Student: 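Handing you a structure now.
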2 protein chains.
Amino acid sequence: MISKTLVAASTKPVILSILASGEMYGYQIIQHVTEVSGGTLEWSEGMLYPVLHRMEKEGLIQSQWRISDNGRRRKYYHVTKLGQEELERDQKEWMQVHRILTRLWSPLSLPD
Amino acid sequence: MISKTLVAASTKPVILSILASGEMYGYQIIQHVTEVSGGTLEWSEGMLYPVLHRMEKEGLIQSQWRISDNGRRRKYYHVTKLGQEELERDQKEWMQVHRILTRLWSPLSLPD
DNA sequence: TTTTATACCTAATATCTCTAGGCATATTAC
DNA sequence: GTAATATGCCTAGAGATATTAGGTATAAAA
């Protein structure tokens, strides 16, 4: 089980990363996250949908209703230009913090 | 500037990591964090003290008042056994999420 | 003697997460 | 045929958290 704060910190980057390689709908994102994380991340719908709505409001992603072959209505999301830029910033930030942590964890605190 | 959620996720691991290599008092931790992060992380007192209090309440760290040479009172913190174990869990969790993210960021999604 | 640096603290607002629900329809099992 | 499960979306509100914006006190420096 991953701690609450770490889940919170990784949610947006994970969503943007996934959508960057192709559109997807909410329910599918949840399954995909379970899959690519090997079960480490297990998102609930009640956690994901509000995040998707906020991200759309912020202009990072955009949605589009569509009806699938089997007649189900699905809301497909894709990344916007702004979202792509945000993802790049997120990656940089993550790596910065990662470097700080790994430096603290290595006994000698070597430079990069 | 590091995003709020990422700061939140890294605060506890950073504190535990720093205190794992020797006791330190709050004010000193703030300066030390600025230093080891090369200015990437800039903690405020109002942010740190409540976290230290919570972590002490949770038994991860312990404090001890002492008077320094120049007569100032300082509250020194050190890591407990429990805190040491928590740090190891945090490290594992961080690396798990890190692997998921880097996998998503690499175009081919290679296995570890 | 005034300002800055050191060193601690907390109340309260603002923000956010997450639980616990709800709705609707297609598919599968009995 | 019908009951149960899976799919697919949604939100209100409780609970937890971070952050701002203060406060106190003392030593050193200007």
Side-chain angles (χ1 to χ4, degrees), chain A residues 1-15 18-19 23-35 41-58 60-78 90 93 97, chain B residues 1-15 18-19 23-35 41-58 60-78 90 93 97:
Chain A
M1 241 277 286
I2 305 297
S3 77
K4 208 161 53 172
T5 51
L6 196 47
V7 169
S10 55
T11 302
K12 182 160 64 72
V14 166
I15 293 172
I18 288 175
L19 294 182
E23 62 169 19
M24 218 175 261
Y25 56 96
Y27 198 83
Q28 188 184 12
I29 293 175
I30 292 173
Q31 298 171 316
H32 192 244
V33 164
T34 302
E35 210 181 295
L41 296 177
E42 294 256 31
W43 291 357
S44 68
E45 301 175 43
M47 169 268 206
L48 178 61
Y49 291 122
V51 174
L52 288 175
H53 298 161
R54 189 171 67 248
M55 287 176 66
E56 180 160 31
K57 205 166 141 201
E58 290 171 351
L60 303 177
I61 56 179
Q62 261 174 15
S63 66
Q64 193 187 355
W65 281 104
R66 221 178 299 153
I67 307 294
S68 70
D69 300 336
N70 55 21
R72 288 186 188 284
R73 51 200 268 289
R74 291 168 175 167
K75 201 176 189 176
Y76 283 87
Y77 287 93
H78 66 269
D90 284 351
E93 283 188 19
V97 175
Chain B
M1 241 278 286
I2 305 296
S3 76
K4 208 162 51 174
T5 51
L6 197 48
V7 169
S10 55
T11 302
K12 183 161 63 74
V14 167
I15 292 172
I18 288 175
L19 294 182
E23 63 169 19
M24 217 174 264
Y25 57 95
Y27 198 84
Q28 187 184 13
I29 293 175
I30 292 173
Q31 298 170 315
H32 192 245
V33 163
T34 301
E35 210 181 296
L41 296 177
E42 293 257 31
W43 290 357
S44 68
E45 300 175 42
M47 168 267 206
L48 178 62
Y49 290 122
V51 173
L52 288 175
H53 298 161
R54 190 171 64 250
M55 287 176 66
E56 179 161 31
K57 206 167 140 200
E58 291 170 350
L60 303 177
I61 56 179
Q62 261 175 14
S63 67
Q64 193 186 354
W65 281 104
R66 221 177 298 151
I67 307 295
S68 70
D69 300 336
N70 55 21
R72 289 186 186 285
R73 51 200 270 288
R74 292 169 175 166
K75 201 177 189 176
Y76 284 86
Y77 288 92
H78 66 268
D90 285 350
E93 283 190 17
V97 175

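Computed over heavy atoms, backbone and side chain alike; hydrogens, waters and symmetry mates excluded. A quick note: this is a predicted structure, and the numbers were derived from the prediction, not measured.
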Student: For B:S68 and A:S44, find the nucleotide of DNA chain C closest to each by heavy atoms; which residue's nucleotide sits nearer the 5' end?
Tutor: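 Of the two residues, B:S68 wins.
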
Student: Could you list the residues that satisfy ring-ring contact (aromatic ring centres under 6.0 Å, His included) with B:Y27, not counting sequence neighbours?
Tutor: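 Here no residue qualifies.
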
Student: Enumerate all atom pairs, one protein N or O and one N or O from nucleotides 9-16 of chain D, separated by less than 3.5 Å.
Tutor:
from, atom 1, to, atom 2, distance (Å)
D:dC9, OP1, A:K75, N, 3.0
D:dC9, OP2, A:G26, N, 3.4
D:dC9, OP2, A:Y27, N, 2.5
D:dC9, OP2, A:Y49, OH, 3.0
D:dC9, O5', A:Y49, OH, 3.4
D:dC9, N4, A:E45, OE1, 2.5
D:dC10, OP1, A:K75, NZ, 2.7
D:dC10, OP2, A:H53, NE2, 3.2
D:dT11, OP2, A:H53, ND1, 3.2

Student: State which residues pass side-chain hydrogen bond (donor to acceptor under 3.5 Å, both in side chains) with A:E58; sequence neighbours excluded, sorted by chain then number.
Tutor: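 A:E58 satisfies side-chain hydrogen bond (donor to acceptor under 3.5 Å, both in side chains) with no residue once adjacent residues are dropped.
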
Student: Scan the side chains in residues 46-55 of chain A for donor-acceptor partners under 3.5 Å anywhere in the protein, sequence neighbours excluded, and list what turns up.
Tutor:
from, atom 1, to, atom 2, distance (Å)
A:H53, ND1, A:Y49, O, 3.3

Student: Suppose the criterion is salt bridge (Lys or Arg N to Asp or Glu O under 4.0 Å): which pairs have a residue in residues 60-78 of chain B, not counting sequence neighbours?
Tutor: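 The answer is B:E23-B:R66.
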
Student: Using chain A heavy atoms and a threshold of under 4.0 Å, write down where along DNA chain C the contacts begin and end, 5' to 3'.
Tutor: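 Under 4.0 Å from chain A, the extent on DNA chain C is C:dT17 to C:dT27.
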
Student: Please list, chain by chain and in numerical order, all residues satisfying side-chain hydrogen bond (donor to acceptor under 3.5 Å, both in side chains) with B:E56, sequence neighbours excluded.
Tutor: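 Once residues adjacent in sequence are excluded, the partners of B:E56 under the side-chain hydrogen bond (donor to acceptor under 3.5 Å, both in side chains) criterion are B:S63.
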
Student: With 3.5 Å as the limit, what N/O pairs link the protein to nucleotides 27-30 of chain D?
Tutor:
from, atom 1, to, atom 2, distance (Å)
D:dA27, O4', B:R72, NH2, 3.1

Student: Show every donor-acceptor pair shorter than 3.5 Å between a side-chain atom in residues 2-11 of chain B and any protein atom, with sequence neighbours excluded, or say none if there are none.
Tutor:
from, atom 1, to, atom 2, distance (Å)
B:S3, OG, B:L6, N, 3.4
B:S10, OG, B:L6, O, 2.9
B:S10, OG, B:V7, O, 3.2
B:T11, OG1, B:V7, O, 2.6

Student: Grab the two heavy atoms, one from B:I30 and one from B:W43, that are nearest each other, plus how far apart they are.
Tutor: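 Minimum heavy-atom separation between B:I30 and B:W43: CG2-O, 3.3 Å.
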
Student: What residue pairs, at least two apart or across chains, pass salt bridge (Lys or Arg N to Asp or Glu O under 4.0 Å) with a residue in residues 41-52 of chain B?
Tutor: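 Qualifying pairs, neighbours excluded: none.
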
Student: Evaluate B:V97 against A:V14 for side-chain contact (heavy atoms from CB on, under 4.5 Å), listing each step before the verdict.
Tutor: CA-CA 10 Å; B:V97 175; A:V14 166; 6.0 Å; no

Student: The criterion is side-chain hydrogen bond (donor to acceptor under 3.5 Å, both in side chains); which residues satisfy it with B:S68, sequence neighbours excluded?
Tutor: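 B:S68 satisfies side-chain hydrogen bond (donor to acceptor under 3.5 Å, both in side chains) with B:N70 once adjacent residues are dropped.
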
Student: Just how far, in rounded Å, is P of D:dG8 from CH2 of A:W43?
Tutor: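 It works out to 18 Å between those atoms.
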
Student: Can you measure A:Q64 atom CD to D:dG8 atom P for me and round it to whole angstrom units?
Tutor: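 Between P of D:dG8 and CD of A:Q64: 17 Å.
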
